[in-house]
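Scroll down for the structure; my scribbles are underneath it.
Residues: numbered from 1 along the sequence shown.
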Amino acid sequence: MQIKLTIAYDGTDFVGWQRQSLPGANNRSVQGELERVLRGLLHQPVSVQGAGRTDSGVHAAGQTASFAIPQNNGRPLIPPERLAYALNNRLPGDVRVLRAEPAADDFHARFSAKGKEYRYFFTLDKQPGAFDCRYVWFCPYALPRLAEMAQAAALWLGEHNFAGYSGRSSVVTTYVRRLHLVEFGRVEPAAAPVHLRGLAVDNLYCFRVAGNGFIYKMVRLLTGALVKFGRGKLEPEQLAAQLAEPAEQPLAPAAPAQGLYLWRIDY
């Protein structure tokens, strides 16, 4: 039986989703924590597959993972309806299992996914509170083109070669992706995610993108380019040209990891 987990986590203190074994390094990963706890609960190793490999410092509000739960006489060792409670009792506080449910035998968190949504949050406030900078980017730039940024972001809608807006990856066979939702705008306090409502910020903005797939650093590089446009340092023609004829160097540095959230996975 396959189990589908829906997970939220604070990515600040993780090397990312994927387990790592670098000598002498901090190897704490979300995948590793889940597998460690499941091994203790089920008394045997379990391999957990994630829908997206979030990087160090990137958060998730709706990551999905799957694994094959061992059975005894045709019954899972732990009933699915008890798994979320059992896992959360043993997981560290920065990882929460929101739901655990049975899935089809051929379900795979990554390969069964039809699309993903990411959201990037930043503020123009200059003085973060002591606990604020883990979850939102305090953008240090004035944005004289703030009102034009939504229109500029819409240039990325549709199917394009995003090689110019992605980090190089040895596992990627094509940089073509289709984005069916690209939005940018101010977030009203009442509409902000619960954990962001208490931040000491007055001007919270969100860059929201959804599509059939994303590449290493893609959303952070898109965000970086959008902010640079907002500063008046890039023109719409340059944003479009980076799709038509990708330059080897990105148009702008990637936005910091702490503002990025894997928001949901679509199946």
Mind checking whether [X] and [Y] have side chains closer than 4.5 Å, heavy atoms only?
X: Leu41; Y: Arg90; value: yes
X: Tyr120; Y: Tyr205; value: no
X: Leu181; Y: Val209; value: no
X: Leu239; Y: Leu234; value: yes
X: Met149; Y: Leu143; value: yes

Closest approach of [X] to [Y] (non-hydrogen atoms, all atoms of both residues):
X: Ser66; Y: Ala109; answer: OG-N, 3.0 Å
X: Glu35; Y: Arg19; answer: OE2-NH2, 2.6 Å
X: Leu83; Y: Ala100; answer: CB-CB, 3.8 Å
X: Gln18; Y: Val15; answer: O-CG2, 4.2 Å
X: Ala247; Y: Gln242; answer: N-OE1, 3.1 Å
X: Leu91; Y: Glu33; answer: CD2-O, 3.9 Å

Completion exercise
Test side chain to side chain contact (heavy atoms under 4.5 Å, CB included), reference His160, set Leu179, Leu243, Val176, output is Leu243
Between [X] and [Y], is there a donor-acceptor pair closer than 3.5 Å when you use the side chain of the first and the backbone of the second?
X: Arg75; Y: Gln71; answer: no
X: Lys233; Y: Ala225; answer: no
X: Lys228; Y: Leu251; answer: yes
X: Gln44; Y: Pro70; answer: no
X: Arg220; Y: Ala255; answer: yes

Is the NZ or CZ atom of [X] both under 6.0 Å from the centre of the six-membered ring of [Y] and within 45° of that ring's axis?
X: Arg208; Y: Phe184; value: no
X: Arg168; Y: Tyr175; value: yes
X: Arg28; Y: Phe14; value: yes

Hydrophobic cluster membership, [X] vs [Y], 4.5 Å side-chain cutoff:
X: Trp263; Y: Val30; value: no
X: Tyr135; Y: Trp17; value: no
X: Val172; Y: Leu221; value: no
X: Leu226; Y: Tyr141; value: yes
X: Val95; Y: Ile78; value: yes

Are [X] and [Y] near enough that their ring centres are under 6.0 Å apart?
X: Trp156; Y: Phe162; result: no
X: His59; Y: Tyr9; result: no
X: Phe121; Y: Tyr261; result: yes
X: Phe107; Y: Tyr267; result: yes

Handout entry: Leu5 vs Leu87, side-chain contact (heavy atoms from CB on, under 4.5 Å): CA-CA, chis, key distance, verdict
Key = CA-CA 11 Å; Leu5 302 177; Leu87 286 167; 4.2 Å; yes
Practice task
Measure the OG-CG distance between Ser166 and Asn161 for me, rounded to the nearest 0.5 Å.
Solution key: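 Rounded to the nearest 0.5 Å, the OG-CG separation comes out at 8.5 Å.
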Exercise for the section: With rounding to the nearest 0.5 Å, note down the distance linking CD1 in Ile265 to NZ in Lys114. Expected result: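 Ile265 atom CD1 to Lys114 atom NZ measures 13.5 Å (nearest 0.5 Å).
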Exercise for the section: Salt-bridge test for Asp13 and Arg134: reply yes if a basic N is under 4.0 Å from a carboxylate O, no otherwise. Expected result: yes
Practice task
Run the salt-bridge test on Arg145 and Glu235 with the 4.0 Å N-O cut-off and return the result as yes or no.
Solution key: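 Looking at Arg145 and Glu235, the cut-off is met.
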Exercise for the section: Classify the side-chain pair Asp55/Tyr216 by whether it contains a donor and acceptor separated by less than 3.5 Å. Expected result: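 Short answer, no.
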Problem - His108 and Phe111 aromatic ring geometry - parallel, tilted or perpendicular at 30°/60° bounds - result: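 Judged by the thresholds at 30° and 60°, the geometry between Phe111 and His108 is tilted.
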Handout entry: Stepwise side-chain contact (heavy atoms from CB on, under 4.5 Å) check, Val97 with Leu34
Key = CA-CA 10 Å; Val97 176; Leu34 286 166; 4.3 Å; yes
Practice task
Carefully, step by step, assess Phe122 and Val227 under the rule side-chain contact (heavy atoms from CB on, under 4.5 Å).
Solution key: CA-CA 10 Å; Phe122 72 85; Val227 167; 4.3 Å; yes
